Structure formats: structure tokens, C-alpha cells
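Structure record follows, encoded as C-alpha cells.
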2 protein chains.
Amino acid sequence: MTNPSPGRGSPASPTARPRVLLVDVAREAGLSKTTVSAALNGTGRLSPAVRERARETARRMGYRPNPTARQLRAGRARLIGFMVGELAGAPWTLLDSPYYAQLTSATAAAALKRGYALVLLPAGSLHGEWAELPLDAVIVADPVGDDRIIDDLIAARIPVITDRSVEGRPGAYWVDVDVVAAMRETLDHFEAQGARRPALVLPDSPTQFYAGALAAYGDWCAEHGRPEHVVFAPEAGNGPVVAAVEEALGGTRRPDALCVVPEASPPLVLEAARRHGYDVPGDLLVVCVSEDLTATHTRPALTTLSLVPREVAEAGIDLLVAALEQGSAPSAGVLVPTRLEVRASSLRTGRR
Amino acid sequence: MTNPSPGRGSPASPTARPRVLLVDVAREAGLSKTTVSAALNGTGRLSPAVRERARETARRMGYRPNPTARQLRAGRARLIGFMVGELAGAPWTLLDSPYYAQLTSATAAAALKRGYALVLLPAGSLHGEWAELPLDAVIVADPVGDDRIIDDLIAARIPVITDRSVEGRPGAYWVDVDVVAAMRETLDHFEAQGARRPALVLPDSPTQFYAGALAAYGDWCAEHGRPEHVVFAPEAGNGPVVAAVEEALGGTRRPDALCVVPEASPPLVLEAARRHGYDVPGDLLVVCVSEDLTATHTRPALTTLSLVPREVAEAGIDLLVAALEQGSAPSAGVLVPTRLEVRASSLRTGRR
DNA sequence: TTGAAAGCGCTAACAG
DNA sequence: CTGTTAGCGCTTTCAA
């Protein structure tokens with residue numbers, strides 16, 4: 001008696017029991033849909049008694065409003081797509097990078113805080129993957145070539161947020177990191193620590209970010225009268241990057257400082273330097289662009305240039321939510337400063 | 001003329017232009033909603049001419065079907081929630097772990113392949129975070145304590161997939177990794193390579209997985225008459241784990257093999273061994289449970305025990321899709337075998 | 001072969 | 001203060 005199980009429906013198939021609807025609750029409580037809806041949503045002017053009765057009945061019956069129906073009414077789904085562009089062929093390998101992992105998790109967290117959920121979208125997105133989903137907006141992390149997707153999104157009137165390459169396009173917002181300032185800060189730091197031959201390891205990729213880093217390095221060297229020493233890593237990944245580090249260190253031009261821009265494992269980079277007979281930070285100052293937490297556990301601890309994925313995520317979501325809720329964002333883009341986290345590997349002061 | 005921009009609506013606000021609806025297309029093409037819908041979906045029996053006309057008009061007008069409305073009709077949203085349980089306080093830090101990063105990305109990829117998208121959910125999920133979303137199912141990666149969430153999900157008739165701790169509950173499916181076999185394989189491998197005093201580093205956490213590993217180690221040692229040597233790491237993270245490794249290696253009981261179960265950075269573990277005067281693999285065989293790709297780049301390369309996140313993801317999605325689409329899965333759970341990736345760090349044969 | 005009409009489940013005007 | 005009614009945008013019987 002007072003058995004919570006409905007008993008109706010085919011008893012043979014327990015999973016097929018029909019969901020409890022608003023109308024069921026209304027009937028059970030002897031009220032109308034409107035009243036129950038208002039009671040549950042805290043809207044309207046209802047007597048406390050009725051409100052409580054409706055709520056009680058709903059709870060007792062295990063009522064759960066159908067989110068899709070609400071979305072249809074509301075006109076938006078509170079869903080944001082998150083798509084990482086580079087490496088369309090090997091989708092999602094990028095989460096292996098601490099930067100993308102943190103960017104992803106921070107974006108999800110920031111979105112959730114504002115009441116939006118993040119859906120993971122594959123890199124390639126064969127033009128229409130996302131079309132099945134009621135996305136209020138889409139974040140395209142590091143678009144490469146596939147501007148196609150951004151065009152499609154804009155054509156579908158879905159706000160997009162990505163990097164600065166879309167600057168000026170209506171409906172497209174951007175967040176980027178200030179590479180130029182970052183490079184200068186790093187090189188100034190080397191200089192202040194007494195280094196005079198800073199070398200740079202860069203990915204051989206035409207990304208705007210890397211191009212900016214290279215240009216900033218060139219400018220800085222020219223201004224300070226230092227020789228340029230750049231080595232390119234043919235691909236991303238620890239293997240090629242470590243090889244590039246070795247190439248930079250192994251030649252006859254012994255640099256006295258090294259900045260590794262493509263994300264590589266801190267301990268592997270230090271090991272490579274050691275193999276080539278360098279004492280860090282004695283003979284060589286090292287800075288890696290990385291979010292890898294192992295940097296604090298190497299000996300010496302490694303100075304890193306953080307691309308602040310969490311701040312980038314927050315800024316992006318802020319922009320998007322403003323655009324979504326106020327109709328348009330205060331500005332179309334945000335430039336976020338990086339953070340040089342100085343540790344022992346780039347501090348010569350410890351040397352006597 | 002033949003200007004594609006509608007011109008209707010307030011010209012001052014370009015973003016406010018109303019979306020084009022199915023009914024707009026129908027009117028424009030001189031057809032009915034039904035016909036256009038059928039034409040676009042490839043259903044119904046329409047004359048090729050009409051079908052093409054409808055399609056052309058839709059394309060020209062930039063029509064995009066409203067996904068929410070379709071979902072409401074279809075009854076499902078093709079959306080799967082992905083929630084990682086442990087560390088409710090520090091949401092998403094877990095993506096810093098290669099295992100979770102790969103599990104996440106592989107799950108998203110597997111789901112997409114079956115036509116479902118993955119939504120990232122925060123760990124805590126204050127009982128109702130997910131209720132706003134039309135989730136067809138939810139994946140709870142490593143539930144801890146918060147069985148509460150699983151109960152809620154089941155009560156809401158949303159299929160759940162998680163680890164073996166839910167075995168036997170209706171509506172709950174599980175995928176787990178065969179820890180016992182994994183430990184035995186590792187220890188057998190050590191034994192085959194001539195090691196006689198294998199030590200174990202374990203997290204000090206009551207997870208089923210770790211408990212299983214500990215039990216399997218105990219059993220194996222008893223069977224083979226080897227002394228047990230277990231050191232617990234108080235927390236996850238490279239710092240505590242490396243400290244535990246040092247404790248295991250630094251004492252008077254010099255082990256000749258070491259299995260590090262909590263995920264730690266391969267190069268950091270090797271460095272720790274080196275600091276304590278061990279030659280790997282000369283005096284010490286090392287295996288780490290890890291998905292970290294740096295394992296292949298250390299010298300020597302590090303043997304890893306992979307918990308096969310990609311296979312786990314595939315198995316989970318398969319189960320879920322079966323449950324969702326056939327009404328019930330062939331079985332309630334799947335046990336996935338791990339993979340020992342043998343590299344130089346655990347091969348004594350190289351020694352002369 | 002095509003179209004009118006009836007919902008999917010919910011919320012928000014408007015009456016009563 | 002509560003209930004009736006009209007949609008949100010789409011798909012899909014069922015007639016014509």
C-alpha cells in the first residue's frame with residue numbers, strides 16, 4: 001500500500017516504465033499543469049499551501065522535468081561546444097598536452113559556473129557534427145586551416161570564440177595570449193641573469209602564436225645586439241622537441257640560455273641538457289613554455305612560461321556569456337598576459 | 001536584387017535577425033512543412049523534382065533545423081554526461097593525469113562515432129547540475145563516496161556506467177580493468193627477469209582498484225615466498241609519489257624491482273632511482289602504471305602498465321549504446337585486460 | 001504524391 | 001489566486 005511503484009505498464013519490461021510527466025503530477029495533486037509548473041519553478045503567485053502540495057506530490061512521484069521541452073520553450077540549451085582544431089587527423093591526442101587538458105577542464109569549469117555545460121567536439125567535425133546539437137556557442141581552440149568551420153558556424157548564427165585570427169569578424173570573438181610580451185619578458189629575464197646567447201626552440205608550424213614568438217625573438221635580438229639562434233622542431237611531441245633541444249645544444253655555438261617553446265616534458269629537457277654536458281643553471285639557463293606540473297619537481301626546478309590556460313578559459317567564457325546574454329560583448333576580444341614562473345633553472349644568482 | 005539578406009527585422013541590430021524556420025522554407029518554396037521536412041530528411045515518397053526544389057530553397061535560405069525541436073520529437077538528445085568523481089573539491093584537476101585525459105578524449109571520440117556527444121560534468125554535481133541537461137546516459141569515472149549521484153541517476157531512470165562497485169544494480173553498467181591479472185603479470189615479469197624482492201608503491205586511498213592491487217600483490221608474494229614490501233603515498237601527485245618511491249628505495253631493504261602504481265611522471269621516477277644509487281635496469285627493474293608518453297623517451301625507456309583508457313572508453317560506450325538502443329545491454333559489465341608495455345627499464349637481459 | 005493536423009512536454013499569457 | 005489556452009519548431013500519422 002502506498003506503493004511508490006506505479007504498477008502500470010508492462011511488468012515484463014521494468015525499464016520501459018513511462019516517465020512521470022507534469023500532467024501526471026497535476027492530476028495526482030488535483031491541480032493544473034500551470035500551477036504545478038509555477039510551484040516547482042518558484043514563479044507566479046501561489047498560496048504556500050498549494051505550492052507545498054504540488055512540490056510534495058512531484059517529489060513523491062519522482063517527477064523530473066524534461067530538459068528538452070524546457071529548452072525548446074526557453075530558446076536556448078545552455079550548451080557550449082568545445083572543439084580543438086589542430087591535428088584533425090588524430091582527434092583528441094591534444095588532450096595529452098597539459099595545456100589543452102587544463103584549457104579544457106578550466107573551460108568546462110568556467111562554463112558550468114555560469115550555468116552552461118561544455119560538449120566535446122572532435123577536431124574534424126565533418127561540417128555538421130555540431131549541427132545536430134543545440135549549441136548556444138562554440139569555442140574553437142587553435143583553429144588551423146579549417147577556417148571553414150568558423151565560417152559555417154558564423155553562417156549558422158552561432159557565436160564563435162577562438163584566437164585572434166578572426167579579429168574583426170562579426171559574431172566571432174577571440175581570446176589570445178600576449179606572445180610578444182611573453183618573449184620579451186623571458187629574454188629580458190635571461191639578460192638580467194647574465195646570459196648573452198639565448199637560443200630558441202620552436203615548432204615548425206605556421207601557427208600565429210609561433211610566428212609571433214619568432215618575430216618577437218628576432219626583434220629583441222636585433223635591439224640588444226645578440227645573435228639569433230633558432231632551431232625548429234619538425235613536429236610536436238617529446239621526441240622531436242627533445243631532438244631539437246639537442247641540436248640547439250650540441251653544435252659549436254654553445255648557447256648560455258635556452259627557451260623551449262613547443263610543450264615538452266620538463267625533466268626530459270633537463271636530461272637532454274645534462275647529456276650534452278651542460279650544468280643547469282650554471283652554464284645554461286632554461287625556460288620552457290609549459291603547464292606541466294613536473295616542472296616543480298625536477299632538480300633544479302624548471303622555470304616555465306605559463307600560457308595561463310585557466311585565465312584564457314575564464315576570459316573566453318566571460319566574453320561568450322556576455323555575448324549570449326547581453327546580446328553583444330563589451331569587446332570582441334581579450335589579450336591575456338602570460339606568466340613567467342621563475343624557478344632555479346633560470347637563476348644564475350645561486351652560483352658563487 | 002535577389003539579395004540573400006532578409007531585410008525584415010530591425011536593421012539596427014544585425015544579430016537579432018530571426019532564424020529561418022521550416023515554415024519559412026515551406027512558404028518560400030510553395031510547399032508544406034511536411035513536404036520540406038520529408039525532402040530534407042530523405043523520408044517519405046516525394047517526386048525528385050519537389051525534393052530537389054525543397055532542398056535548394058532550404059540551402060538558399062540558409063535553413064538549419066532546430067536541434068532542440070528534433071530532440072523533443074525524437075525523445076532523446078544523443079547526449080552523454082561524463083563525470084569524474086574523485087576530488088570533488090578540486091574539479092577537473094584530474095585531467096592533468098594522462099590517464100583521465102586519455103579516458104576523456106577516447107570516450108568523446110567513441111561516443112561521437114556512435115552519434116552521441118559528450119558533456120563534461122563537474123565532479124561534485126550538486127545533485128541536479130545534470131538535471132538541467134537532457135542526458136541520455138551518464139558516465140561516472142571513478143566514483144568515490146558520492147554513490148549518492150549514482151542513486152539519483154538511477155532514480156531518474158538515466159542509465160549509468162561506472163566501475164565495478166555498482167555490479168548487480170539494475171540500470172547501472174560497469175567497465176573495469178583487471179587489476180588482479182595486471183599485478184600478477186607484472187610480478188611474473190619481474191620474476192622472469194630474475195628479480196626476487198619486488199616492492200610496491202601504492203596510493204593511500206581506499207579505491208577498489210588500489211585495494212585489488214594490494215591484495216593481488218599480497219597473494220602473489222605468499223604464493224612465491226617473496227617478502228612483501230609496500231610503501232604508501234599519502235596523496236596523488238608527483239611530489240608525494242616520488243617521495244614514496246624514495247622511501248621504498250632508500251631504506252635498508254634494497255628491492256631489486258619496483259612497481260609504482262599511482263600515476264607519476266616516468267622521468268621523475270627514474271631520476272629518483274638514480275639519486276639513490278640504483279642502476280636501472282642493472283640493479284633495479286622498474287614498472288610504472290602510467291599512460292604518460294614520456295615513458296618512451298627516458299633513458300632507459302620505462303616499462304609501463306597501461307590501464308588502456310582507450311579500450312575502457314570503447315567498452316563503456318559500446319555497453320551504453322547497446323543499453324540505450326536495444327533497451328538493454330548483452331551484459332551488465334565488462335572486464336578489460338591491461339597491457340604491460342615492456343621496455344628497457346625492466347629487462348635485465350641487456351646486462352652482460 | 002502532397003498537405004493538414006496532432007502532438008513531443010513544458011512555460012507564460014491571459015482569463016476567470 | 002488558479003486554470004485554460006496557445007504556442008516553442010519539428011516530425012509523422014492519416015486523409016485527400
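A, B, ... follow the sequence lines: proteins, then strands. Residue 1 opens every chain. All values reported here derive from a predicted model rather than from experimental measurement.
At whole-Å resolution of the value, CD in A/Gln71 and C1' in D/dC10 are 15 Å apart. D/dC8 atom P lies 14 Å from atom CZ of B/Arg19, rounded to whole Å. For the pair A/Arg27 CZ and D/dT2 P, the interatomic distance rounds to 20 Å; values are reported in whole Å. When the P atom of D/dC10 is taken as reference, atom CG of B/Asn66 falls 6 Å away, rounded to whole Å. At whole-Å resolution of the value, CZ in B/Arg45 and P in D/dT11 are 18 Å apart. Straight-line distance from the CG atom of A/Leu133 to the P atom of D/dC10: 16 Å, rounded to whole Å. For the pair A/Arg76 CZ and D/dC8 P, the interatomic distance rounds to 17 Å; values are reported in whole Å.
Take the nearest nucleotide of DNA chain C for B/Gly44 and for A/Ala69: the residue whose nucleotide is more 5' is B/Gly44. Comparing A/Lys33 and A/Ser47 by the nucleotide of DNA chain D that holds the closest heavy atom to each, the one mapping nearer the 5' end is A/Ser47.
In this structure a side-chain-to-backbone donor-acceptor pair under 3.5 Å is missing from B/Thr35 to B/Leu31. No donor-acceptor pair closer than 3.5 Å links the side chain of B/Asp176 to the backbone N or O of B/Asp163. Between the side chain of B/Arg55 and the backbone N or O of B/Ala39 there is at least one donor-acceptor pair closer than 3.5 Å.
Using a 4.0 Å heavy-atom criterion, one finds that A/Leu21 contacts the sugar-phosphate atoms exclusively. Using a 4.0 Å heavy-atom distance criterion, B/Arg70 is classed as a sugar-phosphate-only contact.
Counting only heavy atoms from C-beta on, A/Thr34 has its side chain closest to D/dT5 among D/dT5, D/dC1, D/dG7.
A/Glu28 has no carboxylate O lying under 4.0 Å from a charged side-chain N of A/Lys33, or vice versa, which leaves the two without a salt bridge. A salt bridge links A/Asp151 with A/Arg169; the closest basic N to acidic carboxylate O contact falls under 4.0 Å. Taking a cutoff of 4.0 Å between a charged side-chain nitrogen and a carboxylate oxygen, B/Asp318 and B/Arg114 qualify as a salt bridge. Here B/Glu314 pairs with B/Lys113 in a salt bridge; the nearest charged N to carboxylate O distance falls below 4.0 Å. Salt-bridge annotation for A/Arg60 and A/Glu56: present, with a side-chain N of the basic residue lying under 4.0 Å from a carboxylate O of the acidic one.
Listed pair B/Tyr63 / D/dC10 meets the phosphate criterion, a side-chain N or O lying under 4.0 Å from OP1 or OP2.
Residues of residues 35-42 of chain B that place a heavy atom closer than 4.0 Å to DNA chain D, in numerical order, are B/Ser37, B/Asn41.
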message = With side chain to side chain contact (heavy atoms under 4.5 Å, CB included) as the criterion, how do A/Leu120 and A/Thr104 come out once you've worked through the C-alpha distance, each side chain's angles and the decisive distance to 0.1 Å?
response = CA-CA 9 Å; A/Leu120 258 24; A/Thr104 304; 4.2 Å; yes
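Bounding nucleotides for the chain A contact on DNA chain C, 5' to 3', at a heavy-atom distance below 4.0 Å, are C/dG9 to C/dA13.
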